[in-house]
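Report on one structure; see the data block that follows.
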Number of protein chains: 4
Amino acid sequence: MAAEAALISVVPNSNPGSNPEKRPGRPRSDKSREAILDATRKMLMHTPLRDISIEAVAKRAGVGKTTIYRWWPHKAALVMEAFLAQPGLQNILPTTPGADDALKVQLEKLIRQLRGQNGRIVANIIAEAQAEPEALDLLNKSFMNERVENLRRHLTQGKAEGLFNADLDTDMAIDQLLGPVFYRLLTNPEALDERFNSHYPEQAVNTLKA
Amino acid sequence: MAAEAALISVVPNSNPGSNPEKRPGRPRSDKSREAILDATRKMLMHTPLRDISIEAVAKRAGVGKTTIYRWWPHKAALVMEAFLAQPGLQNILPTTPGADDALKVQLEKLIRQLRGQNGRIVANIIAEAQAEPEALDLLNKSFMNERVENLRRHLTQGKAEGLFNADLDTDMAIDQLLGPVFYRLLTNPEALDERFNSHYPEQAVNTLKA
Amino acid sequence: MAAEAALISVVPNSNPGSNPEKRPGRPRSDKSREAILDATRKMLMHTPLRDISIEAVAKRAGVGKTTIYRWWPHKAALVMEAFLAQPGLQNILPTTPGADDALKVQLEKLIRQLRGQNGRIVANIIAEAQAEPEALDLLNKSFMNERVENLRRHLTQGKAEGLFNADLDTDMAIDQLLGPVFYRLLTNPEALDERFNSHYPEQAVNTLKA
Amino acid sequence: MAAEAALISVVPNSNPGSNPEKRPGRPRSDKSREAILDATRKMLMHTPLRDISIEAVAKRAGVGKTTIYRWWPHKAALVMEAFLAQPGLQNILPTTPGADDALKVQLEKLIRQLRGQNGRIVANIIAEAQAEPEALDLLNKSFMNERVENLRRHLTQGKAEGLFNADLDTDMAIDQLLGPVFYRLLTNPEALDERFNSHYPEQAVNTLKA
DNA sequence: GGGTAACCGAGACGGTACGTCTAGTCTTTAA
DNA sequence: TTAAAGACTAGACGTACCGTCTCGGTTACCC
């Protein structure tokens, strides 16, 4: 739910008005919107993002191209909405007592989310974002930030508790935790395997300890 | 020179035979080859990889499109050869006494190489490689591996010397060192700044210490 | 006008609906249509059909290639429409009293139309049609048939009047009249000269007489 | 045999010198020559002339492209030699007593030669020749002329015998006989059928009679 | 028997055009 | 009045051939 809200606030024009339908003119077709997102989702299953064209999405959705261009500024925005609005990508975490355990749980959850199909899609979104600076922002806002902030919270707490060294650079520590995961995702995705998932969080968090 | 050799062995057909020219037919034109790589290099200076077309490279190089397609299977392969065969990307490192210092020096060198223009290009190559599995291999073989192997050597040595914990997973440790660098490169390139360069290698290597 | 109508009914999609424009979406651009036909006509003046490329037509007309491919299935179809829709190719004949004179007039008119530039174009269309069976149909429907039918009418009438032998095979007689004209056009175009025009119709029609 | 001689004298460079092999250098390879003509013939069986490329002929014949370009100036020249040098295309006619019968026999022979596969090829050659003036000459010299001259001989004889009107224009009469055949071949090849063969020569020759 | 000349195959070269696809924009009708 | 449909210009894609060229070699003749 948090994800949904964040997404909506991020994708411009996604919901044209907060008040329920007060604007003049023909209203947006929800059928088209769903058809577009559906088509996108289905194509993401078996096609690299690079090879998905607005044109193809429009054709598959039975919709004019303009309808897509009106509501989403980039392919990246469309894909992000289609992708993130699916179940299993929310970042709801159980509350755990220790800051170190919380970090580990967060990392495990992330790795699990990035394995297989979904991982490929995220990798492709990151790739796409290299040529579309706005998309990079969108990616950070709709996917990265909540993970980052969660890590930051626990790191700060851990520093306060003396679990981690007080002069540890928090931003850098966050990147030390997340970096290896995305590095594998992008340069050697098969290495993001079960073994990695069961050892990496432990080793990564422990090396940060005071 | 090591880079050159590695590259040649990696790009298929780049050197058609190891014995000096025994094949029939008109031999490959070195002039064209250079013109193509030159044109590619120049376009990389000011254009995002996504917006560089084979067509444009051919035109700028004064060469037929076929000549490019004959020798390079992808845009990624072409770009990789053009980019990596330039000076300043070799990974020649001064020999340093301690394994920990050696690791830091390697990381600093890498960060310096990935800042600015070159960093954008590498990021774009990684992005391109997401849709072209062969290109990912090529990237690993021609750029990543020498860095990785260098780190591995020093990590192994460090473990032998008791500098690092003996049961540290070396592969994972390598990714812990490299991951954050590429993670920033891809998701927040401005963060790959001077400050990062002067603190990250120290902090990263130290957290690995026994 | 008859030619125009015939042509339109023959070229598929040329007029997308018989009712005057009720479909959604942007309507076909008449400006583009005219520009394309114009460009084609102008290129036909000085270039053999074989050397006219769709690409060049598009460029000269200031039009996207797709627009041409959307509306014309072949180069032959395009050329045929461009060529036949020009003035001087309609087959309006003065009514003459005798069937034999009518035949002569029709042949003279045809020979005059096929001399010079226009003849070359028709010859090229016939040539093009050898590799494109659809184009052969189109040629027959839009150019040949009206001449053929006119000849048939007068031959039938002539047979009824006893001017020609009653058991003359009409189809064959038509080909006996037209054949030599096209034969010269294709194998010896210079022979389609003034002398031929002033003697052939007379001799051809007379040999058919009872 | 006459055909062979005529052809050789027509295709330039086909026999590089009149004296039998006195020149220095490696002599022309007859094996390659045959392979090229064979390959061409085989491709003509099932491919429209337009879609036969020199490149493909060379590959099929196991021959360098240059070898073809060295000896034949056009595709049309190559095809003409390949096609005409096959059996069944010589125009050897039994001597018949009457000039009118001789004409009929010549026409029947021609129609039989132009039915089916061979007819398509001739049509394609005529088509090709529209864009290649030299080829038109070659076609006339190597195929048309002997038929034309045969018709002329018999027409002249017939006029002398009083069988045909003395002031009949011979050239025009020739075209009246041949025209319809080629006209059907090019614009309506299915009409070149058995029925046509059994009626046309009779009707055509008879209409010429005094 | 060495030199020279013309041939041969292979195949790379700079080009042109193909017909398709996609990007974004523009111009209608439908709601 | 806005949405949606679909035609528009522009231009890259990767492929097929064009006709030319440059190799290493071969096969004759000529001295």
Side-chain angles (χ1 to χ4, degrees), chain A residues 16 23-29 31-33 51-59 62-71 75, chain B residues 16 21-29 31-33 35 51-59 61-71 73 75, chain C residues 16 21-29 31-33 35 51-59 61-71 73-75, chain D residues 16 21-29 31-33 51-59 61-71 73-75:
Chain A
R23 298 185 314 147
R26 179 175 175 176
R28 176 174 187 183
S29 156
K31 215 180 102 204
S32 291
R33 183 178 171 277
D51 302 342
I52 295 179
S53 61
I54 298 284
E55 191 117 358
V57 172
K59 181 162 289 175
V63 138
K65 272 199 289 180
T66 0
T67 308
I68 299 181
Y69 280 112
R70 194 184 335 269
W71 299 108
K75 193 165 70 173
Chain B
E21 300 306 327
K22 278 288 187 188
R23 296 188 319 150
R26 182 175 176 174
R28 178 173 186 182
S29 157
K31 214 181 102 202
S32 292
R33 183 177 171 277
D51 302 343
I52 295 179
S53 65
I54 297 283
E55 195 125 356
V57 173
K59 183 159 291 175
V63 137
K65 268 199 288 182
T66 345
T67 305
I68 299 181
Y69 283 112
R70 193 173 359 250
W71 299 109
K75 195 164 70 173
Chain C
E21 302 304 329
K22 279 289 185 189
R23 297 187 316 149
R26 181 175 178 174
R28 177 172 187 183
S29 157
K31 214 180 103 202
S32 291
R33 182 177 172 279
D51 301 342
I52 295 180
S53 63
I54 297 283
E55 195 125 357
V57 172
K59 182 159 290 175
V63 138
K65 270 199 287 182
T66 343
T67 304
I68 299 181
Y69 283 113
R70 191 175 358 253
W71 300 109
H74 321 111
K75 194 165 69 175
Chain D
E21 302 304 329
K22 280 289 186 188
R23 298 184 315 149
R26 180 177 178 172
R28 176 173 188 183
S29 158
K31 214 181 103 202
S32 291
R33 183 177 171 276
D51 302 342
I52 295 179
S53 63
I54 298 284
E55 193 122 357
V57 172
K59 181 161 288 175
V63 138
K65 270 199 288 181
T66 344
T67 306
I68 299 181
Y69 282 112
R70 192 176 353 254
W71 300 109
H74 323 109
K75 193 164 71 174

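We name chains A, B, ... by the order of the sequence lines, and we start the count at 1 in each one. Given the structure is predicted, the values throughout are model-derived calculations rather than measurements.
Dashed line: the shortest gap from a side-chain N or O of B:Trp71 to OP1 or OP2 of E:dA12 is not under 4.0 Å.
A straight line from NZ of B:Lys59 to P of F:dC13 spans 11 Å, rounded to a whole angstrom. In this structure, CZ of B:Arg28 is placed 17 Å from C1' of F:dC21, rounded to the nearest angstrom. Atom CZ in B:Arg23 sits about 19 Å away from atom P in E:dG9, given to the nearest Å. At whole-Å resolution of the value, CZ in D:Arg70 and C1' in E:dA6 are 8 Å apart. D:Ile68 has its CD1 atom 15 Å from the P atom of E:dG11, to the nearest Å.
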Could you run through nucleotides 16-23 of chain E and give me one letter per nucleotide, 5' to 3': B if any protein heavy atom sits under 4.0 Å from the base, S if only the sugar-phosphate is that close, - if neither? -BBBBBBB

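Backbone-only contact: D:Ser29 has heavy atoms under 4.0 Å from sugar-phosphate atoms and none from a base.
Between C:Ser32 and C:Thr67 the shortest heavy-atom distance is CB-CG2, 4.5 Å.
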Kindly give the atom pairs (protein nitrogen or oxygen, nucleotide nitrogen or oxygen) under 3.5 Å for nucleotides 1-5 of chain E.
none

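By the salt bridge (Lys or Arg N to Asp or Glu O under 4.0 Å) test, D:Lys75 is found to be paired with no residue, residues two or more places apart in sequence or in another chain being considered.
Note that B:Arg28 lies in the cation-pi zone of B:Trp71, set by a 6.0 Å cut-off to the ring centre and a 45° limit from the axis.
Along DNA chain E, the nucleotide closest to B:Thr67 and the one closest to D:Val63 are compared, and the more 5′ of them pairs with D:Val63.
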